[in-house]
Amino acid sequence: MNKGIKDNLIEKGVFSELDIHFANLMQSLDQRNDQAVFLAAALVSSYKHKGHVCLDLRELKKTYFSKMEEHVGESFPENEEWIGILRKSSVVGRPGDFKPLILDSSSRLYLNRYYGYQESIAQHIKHVAKRQSPIPDRILFEKRLDRLFPAALKDGSVDLQRIAAIVSAHKQLCVISGGPGTGKTTTVTGIIALLLEQAGREGLNIILAAPTGKSAARLRESVKKAGEKIDAPDFVKALIPKKTFTIHRMLGTTANAPFFKYNKNNRLDADVVIIDEASMIDIALMAKLLEALRDDAKLIMIGDRHQLASVEAGSVFADICGPFDINKFSDKFSGKFKAILNETTGCGVDSGENIDVPYGISDSVVQLEQSFRFKEGSGIEAVSKAVKKGDDLLSLSLINNVKYEDIRLKGLPSVRELEAAISDTIIQGYEGFINAKNPMDAIDKFDEFRVLCVLREGPYGVAALNHAIESILERKGLIQTKDAWYSGRPVMMTVNDYNLGLFNGDTGIALADPEDDLGDDQTGNGSVYVFFKDGDGLRKIHPHRLSGCETAYALTAHKSQGSEYDRILVILPDRVTPILTRELIYTGITRAKSEVEILSDDNIFRQGVSGKIERASGLFDSLWAYSIASDSER
């Protein structure tokens, strides 16, 4: 393949310069200098940057090659021929080989490092899933369970929060998935109290962590609030962790290096590690997290399998949660529920649909189903369920149903008309925090409303929307943007700043400091600081100390994960884009507690709901292939 064709591939956006550089290197190292090796290397590099862990060679030709061949001007080998060429290449190895590229028995091609991450995760999950923890006094355990999880469901169905608690007590691994408002953090707080009570006054070293600073802060606040209400002895309440960490901070970052202080050779001193918003964790970070755990440590992961996958490669949490949208436990483990609860689990046990799974992974996964966030008859809940299933016609029908007043779909205005169309909504949503009397009040009011977008760039992207919102608010006289750091500017951190203790996703507001009338320059004009919430108090940082932050009136749905607002305005693009999927729409609309307005053409909305994130990976098969086969054979 000559340089002109390669340059054309870069110009057309088929590959990046990095993809081509890596492919050139692989082709030059290949003893036969084969073009098929160049193409495979470029594709696996490109796919990694699109979120895939590997390149599925058997499936690729059907969806990709016709367009590729137009750009290159020649045809490519058939799949079997291509796979045969790669198996003979000196740069392609089998699992366990020390080669740059790894081709597994299912014809999935990996970068060596990412195959290593995948196998490390699979081995660790299998190891912890099959291990159980003895409960010395079952009668006492049942009493604690009744006290810590007292709520009986009105419809008489099994309380899955109790099931999650039983799993957490019995198993070394517990994975809790549930949509918004299903009580995940309330459940986890009860589990923490249960484990601490079992351990006695000696306690346990429990670490709470989440992927971003914002999600870690929300976890801390949620556990604190739930811990104040819980029916537990005082010594247990005192032992409930008061601090949370980002995963990077928990593992201990090393300056200018991709390695962590805590790793397979230096394990975390933790009896229990609890990770919130686990769907946001990419394959590389998950591998490093699991390697850092002690062999006897309990791992509890919380998340929503239907939310967006991680920004980087992998969909690890969804892969671990498995193929089932309902709870399925083995006969043996279901017997534990029946013995403790004195009832059936309502999870397929009586219908004979439960499964026998190696490693016990299905016995470690609990799906919480009942939402406590939305009012009865909530349109947000009804639409989100339809979106989650990918039912575009039902989603559109529900969102246009006049009986649902909390969610509505309006046509997307033209670029020229956009500011006028959203002006009233923006002023109503943001004037409260700008007119707040103090920084704490401003931060609380800012979280009442948010604008969510799909794209970062383009006329309906984050950058354009933030500029439009500033124009709307300035015309209203609410802000003055002549200075970059004007009073009222909300910002979100886009990097981790360990010196300042601020992390990606942390949100602050630039405001005139009420305690500093003179300002830094002693001119009498006052000074602007950026205020961040810090536990129950505030931190103020001079804006010149901040690097890696951006204006945050509008943000992407990706950035909104782990947050909740009273009301949101969701703006979809004017054309179909690969990242507009049901997971993105579901994540966006479920950030709101009381009101959602979506600006989109009907057809774009429907196509988004029909789209689904598909990420190539072998992790799902490694953990669940046997389970699916066993279930289908019954």
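Heavy-atom basis, side chains included; hydrogens, waters and symmetry copies ignored.
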Report, one line per pair, each donor and acceptor closer than 3.5 Å where one atom sits in a side chain of residues 543-550; sequence neighbours left out.
{"from": "Glu550", "atom 1": "OE1", "to": "Arg456", "atom 2": "NH2", "distance (Å)": "2.9"}
{"from": "Glu550", "atom 1": "OE2", "to": "Arg456", "atom 2": "NH1", "distance (Å)": "3.3"}

In short, Tyr404 meets Ala382 closest at the heavy-atom pair OH-CB, 3.8 Å
Would you indicate whether Arg539, at its atom CZ, is surrounded by more than 12 heavy atoms from other residues, nucleotides or ligands within a distance under 6.0 Å? yes
So CH2 of Trp624 and CG of Leu619: to nearest 0.5 Å the spacing works out to 11.5 Å
Practice prompt. Check the pair Glu470, Ile479 against side chain to side chain contact (heavy atoms under 4.5 Å, CB included), reporting the backbone distance first and the verdict last.
Written response: CA-CA 8 Å; Glu470 285 181 326; Ile479 60 174; 4.3 Å; yes
Side-chain atoms of residues 308-319: list all donor-acceptor pairs with protein atoms under 3.5 Å, sequence neighbours left out, distances to 0.1 Å.
{"from": "Ser310", "atom 1": "OG", "to": "Glu312", "atom 2": "O", "distance (Å)": "2.8"}
{"from": "Ser310", "atom 1": "OG", "to": "Gly314", "atom 2": "O", "distance (Å)": "3.0"}
{"from": "Asp319", "atom 1": "OD2", "to": "Ser617", "atom 2": "OG", "distance (Å)": "3.4"}

- Can you tell me if Ser610 uses its side chain to pair, donor with acceptor, with the backbone of Arg606 under 3.5 Å? yes
- request: Determine, stepwise, if the pair Lys593 / Asp566 fulfils salt bridge (Lys or Arg N to Asp or Glu O under 4.0 Å).
  value: CA-CA 5 Å; Lys593 292 186 287 187; Asp566 292 334; 3.4 Å; yes
Sorted by chain and number, sequence neighbours left out, salt bridge (Lys or Arg N to Asp or Glu O under 4.0 Å) with Lys288 holds for none
Those residues at least two apart in sequence (or on a different chain) that pass side chain to side chain contact (heavy atoms under 4.5 Å, CB included) with Pro413 are Glu417, Leu418, Ala421, Leu599
Across all chains, not counting sequence neighbours, the side chain to side chain donor-acceptor pair (under 3.5 Å) partners of Gln561 are Gln307
For Asp447, the side chain to side chain donor-acceptor pair (under 3.5 Å) test, sequence neighbours excluded, returns Arg450
